[in-house]
Visitor: 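Mind having a look at this structure? Questions to follow.
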There are 2 protein chains.
Amino acid sequence: MRSTLQREIILNTIRKMHHHATAEEVYAAIHQQHPTISKATVYRNLQRFAQQGELVPLQLEGDATRYDRRLFQHYHFVCRACNAIYDVDMAPLADINQQVQEQFGFSVDQHDIVFKGICPTCAKTPD
Amino acid sequence: MRSTLQREIILNTIRKMHHHATAEEVYAAIHQQHPTISKATVYRNLQRFAQQGELVPLQLEGDATRYDRRLFQHYHFVCRACNAIYDVDMAPLADINQQVQEQFGFSVDQHDIVFKGICPTCAKTPD
DNA sequence: GTGAGTGCAAATCTTTTGCATGTTT
DNA sequence: AAACATGCAAAAGATTTGCACTCAC
């Protein structure tokens with residue numbers, strides 16, 4: 001992958017942002033400092049980084065694709081009330097890939113888990 | 001929820017289709033027999049059914065929302081090669097909601113797991 | 001009769017693409 | 001020079017919305 005100024009800026013920007021930023025959010029953040037960088041370039045490169053394993057794409061319901069910059073295995077929690085996305089840093093379930101592989105014959109290399117419920121903040125706030 | 005002819009047709013159609021149909025697929029299937037039923041009605045009602053718990057929405061990467069008519073808890077496997085979606089009917093992990101709840105303080109009522117890898121069909125076929 | 005549901009078309013949102021131009025190697 | 005990357009604007013795909021009309025209750 002060639003090194004371009006745009007790529008550097010995109011990666012730097014995403015590293016400064018919250019986890020799980022959308023392409024649109026990354027573009028907006030970049031656009032302030034670098035108004036000539038196009039949206040297409042941001043979209044193209046985020047996808048590219050995901051392919052290279054430098055970002056992990058995260059698709060949740062009714063929402064644009066998000067890019068996670070925490071590369072180690074972890075899970076997510078989505079609050080049904082406020083839609084916030086939290087990281088769930090529990091110990092990864094080490095054996096379930098293997099288990100599915102043996103039981104169903106798929107060659108499994110990964111799994112994602114999304115928990116849903118109500119986050120502490122929303123639990124406290126009577127809507 | 002009022003009972004309308006359109007709703008009946010939509011539910012009947014989705015019951016005859018493969019699991020994980022998209023709104024577009026449901027619409028196409030309906031449209032042949034009932035060309036007056038509009039796409040908006042299909043979209044609106046699929047969402048509605050999902051809210052009512054009669055269908056489960058399933059959002060996977062780079063793909064339209066799918067609606068799952070298998071209501072009991074189960075997981076999914078997505079093939080990286082052909083993008084096919086398989087059901088994974090392993091025993092649900094009964095205790096991880098509780099575990100996350102205790103460890104992180106979220107009120108968890110559900111979790112989804114998506115496995116990724118290569119399906120048996122693609123494994124056999126040298127691309 | 002009233003409010004919920006529908007059909008249609010237009011609007012919105014997110015993402016992708018064609019193409020001419022500019023940059024990296 | 002060759003291959004790849006960018007910017008722009010247009011296109012595409014999925015979904016939502018406004019509104020007048022219709023139907024279920």
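Throughout, a chain's letter reflects where its sequence line sits, starting with A, and its residues are numbered from 1. Just so you know, these numbers use all the heavy atoms, side chains as well, and skip hydrogens, waters and symmetry mates.
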Visitor: Report the distance from atom CG of A:L46 to atom C1' of D:dA5, rounded to the nearest whole Å.
Guide: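 My rounded result for the distance is 15 Å.
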Visitor: So do the side chains of A:N83 and A:L60 get within less than 4.5 Å of each other, counting heavy atoms only?
Guide: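 A:N83 does not reach A:L60 side chain to side chain.
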Visitor: What distance do A:T36 atom OG1 and A:H31 atom NE2 have between them, rounded to the nearest 0.5 Å?
Guide: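 The OG1 atom of A:T36 sits 9.0 Å away from the NE2 atom of A:H31.
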Visitor: How far does CG of B:D89 sit from CZ of B:R70, to the nearest 0.5 angstrom?
Guide: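 CZ of B:R70 is found 4.0 Å from CG of B:D89.
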Visitor: Is there a side-chain contact between A:H74 and A:H76, using heavy atoms and a 4.5 Å cut-off?
Guide: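 With C-beta onward as the side chain, the pair touches.
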Visitor: Test your reading of the model: is there a side-chain donor-acceptor pair from B:Q101 to the backbone of B:V108, 3.5 Å cut-off?
Guide: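 Yes, the answer is positive, given that a donor and an acceptor are paired below the 3.5 Å cut-off.
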Visitor: Tabulate atom names and distances for all N/O pairs under 3.5 angstrom spanning the protein and nucleotides 23-25 of chain D.
Guide:
{"unit_1": "D:dA24", "atom_1": "N3", "unit_2": "B:R2", "atom_2": "NH1", "d": "3.3"}

Visitor: Check the pair A:Q51, A:Q47 against side chain to side chain donor-acceptor pair (under 3.5 Å), reporting the backbone distance first and the verdict last.
Guide: CA-CA 6 Å; A:Q51 280 167 19; A:Q47 279 197 171; over 6 Å; no
Visitor: At under 4.0 Å, does any side-chain N or O of A:R7 touch on OP1 or OP2 of C:dT24?
Guide: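 So the side-chain polar atoms of A:R7 never come under 4.0 Å of the phosphate oxygens OP1 or OP2 of C:dT24.
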Visitor: Rounded to whole Å, please give me the gap between CD1 in A:I9 and P in D:dT6.
Guide: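 That distance rounds to 11 Å.
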Visitor: Partners of A:R66 by salt bridge (charged side-chain N to carboxylate O under 4.0 Å, His left out), sequence neighbours excluded?
Guide: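 Salt bridge (charged side-chain N to carboxylate O under 4.0 Å, His left out) check on A:R66 returns A:E25, A:D63.
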Visitor: Could you please name the option among D:dG7, C:dC8, D:dT15 that lies closest to any side-chain atom of A:I37?
Guide: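 The closest nucleotide is D:dG7.
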Visitor: With a 4.0 Å cut-off on heavy atoms, is B:A64 in touch with a base, just the backbone sugar-phosphate, or nothing at all?
Guide: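 Since only primed, P, OP1 and OP2 atoms lie under 4.0 Å of B:A64, the category is sugar-phosphate.
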Visitor: Round to the nearest Å and state the distance from B:I10 atom CD1 to C:dT6 atom C1'.
Guide: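 Taking CD1 of B:I10 and C1' of C:dT6, I get 10 Å after rounding.
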Visitor: Decide yes or no for A:I10 and A:I30: does some side-chain heavy atom of the first lie under 4.5 Å from some side-chain heavy atom of the second?
Guide: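 Yes, side chains in contact.
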Visitor: Can you find a pair of side-chain heavy atoms, one from A:N97 and one from A:D109, that are under 4.5 Å apart?
Guide: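 A:N97 does not reach A:D109 side chain to side chain.
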Visitor: Using 4.0 Å as the upper bound for N to carboxylate O, is an ion pair formed by A:E54 and A:R69?
Guide: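 Salt bridge between A:R69 and A:E54, a charged N being under 4.0 Å from a carboxylate O: no.
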Visitor: Under 4.0 Å between a side-chain N/O of A:S38 and OP1 or OP2 of D:dT6, yes or no?
Guide: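 No, A:S38 has no side-chain N/O under 4.0 Å of OP1/OP2 on D:dT6.
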Visitor: Which whole-number value in Å describes the distance from A:E61 CD to C:dC13 C1'?
Guide: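 After rounding, the gap between these two atoms is 17 Å.
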Visitor: A:K39 versus A:E24: any side-chain heavy-atom pair under 4.5 Å?
Guide: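 Yes, at least one pair of side-chain atoms sits under 4.5 Å.
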Visitor: I want to check one thing: is the phosphate of C:dG7, taken as OP1 and OP2, less than 4.0 Å away from some side-chain N or O of B:Q6?
Guide: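 Indeed, a polar side-chain atom of B:Q6 lies that close.
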Visitor: Salt-bridged, B:E61 to B:K116, with N to O below 4.0 Å?
Guide: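 Yes, B:E61 and B:K116 are salt-bridged.
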Visitor: Mind calculating the distance between CD (A:Q47) and C1' (C:dT14) to the nearest angstrom?
Guide: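 To the nearest whole Å, that distance equals 11 Å.
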Visitor: Considering just the side-chain nitrogens and oxygens of A:Y43, establish if one lies under 4.0 Å of OP1 or OP2 belonging to C:dT15.
Guide: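 For C:dT15, OP1/OP2 do have a side-chain N/O of A:Y43 under 4.0 Å.
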Visitor: Compare all side-chain heavy atoms of B:L58 with those of B:T65 and state whether any distance is below 4.5 angstrom.
Guide: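 Side-chain contact under 4.5 Å: no.
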Visitor: How many Å lie between CD on A:Q59 and P on D:dT15, as a whole number?
Guide: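 Computing the A:Q59:CD to D:dT15:P distance gives 10 Å.
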Visitor: How many Å lie between NZ on B:K39 and P on C:dA11, as a whole number?
Guide: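 For the pair B:K39 NZ and C:dA11 P, the rounded distance is 17 Å.
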Visitor: Which value, rounded to the nearest 0.5 Å, describes the distance between B:R48 atom CZ and B:M1 atom CE?
Guide: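 Going from the CZ atom of B:R48 to the CE atom of B:M1 covers 5.5 Å.
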Visitor: If I take atom CG in residue B:D63 and atom C1' in nucleotide C:dT15, what distance separates them, rounded to the nearest angstrom?
Guide: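 Rounding to the nearest Å, CG of B:D63 and C1' of C:dT15 are 14 Å apart.
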Visitor: How sharply is the helix from C:dG1-D:dC25 to C:dT25-D:dA1 bent, taking the axes over five pairs at either end and rounding to 10 degrees?
Guide: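 If I round to tens, the end axes sit 40° apart.
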Visitor: Where the side chain of A:R48 is defined as all heavy atoms beyond and including C-beta, which of D:dT6, D:dA5, C:dT16 is the nearest nucleotide?
Guide: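 In terms of side-chain proximity for A:R48, the closest of D:dT6, D:dA5, C:dT16 is D:dA5.
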Visitor: Could you list by number each residue of residues 19-34 of chain B showing a heavy-atom separation from DNA chain D of less than 4.0 Å, or answer none if no residue does?
Guide: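 Close to the strand, none.
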Visitor: What are the atom names and distances for every N/O pair under 3.5 Å that joins the protein to nucleotides 19-21 of chain C?
Guide:
none

Visitor: Both A:T41 and B:A40 contact DNA chain D. Which one's nearest nucleotide lies toward the 5' end?
Guide: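 Its nucleotide being nearer the 5' end, the pick is A:T41.
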Visitor: Taking ring pair (Phe, Tyr, Trp, His ring centres under 6.0 Å) as the cut-off, I'd like each qualifying pair that reaches into residues 92-119 of chain B, sequence neighbours left out, listed once.
Guide: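 Qualifying pairs: A:F77-B:F106, A:Y86-B:F106, A:H111-B:F115, A:F115-B:H111, B:Y75-B:H111.
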